[in-house]
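The structure under discussion appears below in the form of structure tokens.
Only this structure's heavy atoms are used, side chains among them; waters, hydrogens and symmetry mates stay out. Each ligand, and each atom within it, is numbered from 1 in the order the structure gives. Only a predicted model underlies this, so the values are computations on that prediction, with no experimental measurement involved.
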Amino acid sequence: MMNQLNTLPRRRYTAGPTPLHPLDRLSDTLGGPRIFMKRDDALGLTGGGNKTRKLEFLVADALEAGADTLITTGAIQSNHCRLTLAAAVQEGLQCRLVLQERVPGSYDPSASGNNLLYHLLGAEEIQVVDQIDKAPEAMEAMARALEAQGRKGYVIPTGGSNPLGTMGYVLCAEEVASQALDQGLRIDHLVCASGSGGTHAGLLAGFHATRRSIPVTGISVSRLRDEQEPLVRDLTLESLGRLGVKEPLPGMAVRVRDDFLGAGYSLPTPEMVEAVKLLARKEGILLDPVYTGKAMSGLIGMIREGRFQEEENVVFLHTGGGPALFADPDLLLS
Ligand SMILES: *Cc1c(COP(=O)(O)O)cnc(C)c1O
């Protein structure tokens, strides 16, 4: 499998592996299994987070294609847009963004958080659309406008979650498994946020390709289980296809919980607020309200349901998102 991956062009945005360490104060507080955290919030590029791993492959492909501008899309407070822009800055490329105003009236051009960083890092153009469905067409129009000027755009889909971007998390599966081996740690379960699906699918593909049967639970942050599971499954299968893995993926492998989503994407839940505060106060670690706060509320919920034995080791993947915490301080100021 690694042979297939080693031949793919890749840029490097992080110096070495991200830390994998225990959260003993949190484990004691919850009285459950031993909780470890994989710190992908510490990945490279401005502010870190999971999109950095996907961008190592996507931006390398853009450079191979001779692009001078990255074009991508995300919600109005998108970590993916911030990191794509950061990668463009590091590579000396331009970057244009299509922001999706998923909640009517929610776009505020002077908002803090990731929005502030779009401006600070110097996005060349920001366009706002009022429906997610309009984003692909808006990005194609941007690419055509560049072409008319003799330039070349490279379009990256939402969350960087195509089979190429997903390879970043195939490598992460390998990284976390070899760190666990070094630390003499048996991983019994891994929990992560599941959004556009590339992170979840890449981990599944990576573990499956290397015959590690580590169960992964994705906490859905935008879709119900009936939609999220097929999305993750398809992306996992496409990734395994690219890796040349023939062994069929067991039906049980794709596990999604949608009962920590609340009313929908980016809409707060009391459990998310509890999780963000708990991690801050017990571990001094910042989660975000949209992804990692809800994912951690899922892990806490699973522990309270008695899903894990006390001697089990559960890894929580911290996918980043810190800057989004500063978009809406009122959420946590109570
Ligand atoms: C994008 C994102 C996720 C979700 O990852 P996907 O690969 O889109 O499923 C999780 N956490 C943070 C902080 C993100 O920005």
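Ion pairing between Arg11 and Glu56 fails under the 4.0 Å rule for side-chain N and carboxylate O.
Aromatic pair Phe308/His189: centroids less than 6.0 angstrom apart.
The shortest N/O to N/O separation between Gly197 and ligand 1 falls below 3.5 Å. Backbone and side-chain nitrogen or oxygen atoms of Ser194 are examined, and none is located within less than 3.5 angstrom of a nitrogen or oxygen of ligand 1. Between Asn79 and ligand 1, an N or O atom pair is found at a separation short of 3.5 Å. Considering both main-chain and side-chain atoms, Gly159 never comes within under 3.5 Å of ligand 1 through any nitrogen or oxygen pair. The distance criterion of under 3.5 Å between nitrogen or oxygen atoms is met by Lys51 with respect to ligand 1. Considering both main-chain and side-chain atoms, His200 never comes within under 3.5 Å of ligand 1 through any nitrogen or oxygen pair. In terms of polar-atom proximity, defined here as any N/O pair under 3.5 Å, Thr292 makes no such contact with ligand 1. Checking only distances, Tyr291 never comes within under 3.5 Å of ligand 1, N or O to N or O.
At the shortest separation from atom 10 (C) of ligand 1 among protein heavy atoms lies Thr319 OG1, 3.1 Å. At the top of the distance list for atom 8 (O) of ligand 1, counting protein heavy atoms only, stands Ser196 OG, 2.5 Å. Closest to atom 5 (O) of ligand 1, if we only count protein heavy atoms, is Asn50 ND2, 2.9 Å.
Taken from OG1 in Thr158 to NE2 in His80, the straight-line distance is 7.0 Å, to the nearest 0.5 Å.
Under 4.0 Å from ligand 1, the heavy atoms of Lys54 that appear belong solely to its side chain.
Looking at Leu190 and Phe316, their side chains never come closer than 4.5 Å, going by heavy atoms from C-beta outward.
Looking at Arg257 and Thr217, their side chains never bring a donor and an acceptor atom within 3.5 Å of each other. A side-chain donor from one of Tyr13 and Glu91 sits under 3.5 Å from a side-chain acceptor of the other. Defined by atom type and a distance below 3.5 Å, a donor-acceptor pair is missing between the side-chain atoms of Asn114 and Ser78. A donor and an acceptor atom, one from each side chain of Glu124 and Thr69, are nowhere located under 3.5 Å apart.
Judged by the 6.0 Å distance and 45° axis criteria, Arg82 is not positioned over the aromatic ring of Tyr118.
Residue contact check for ligand 1: Gly49 places no non-hydrogen atom closer than 4.0 Å to it.
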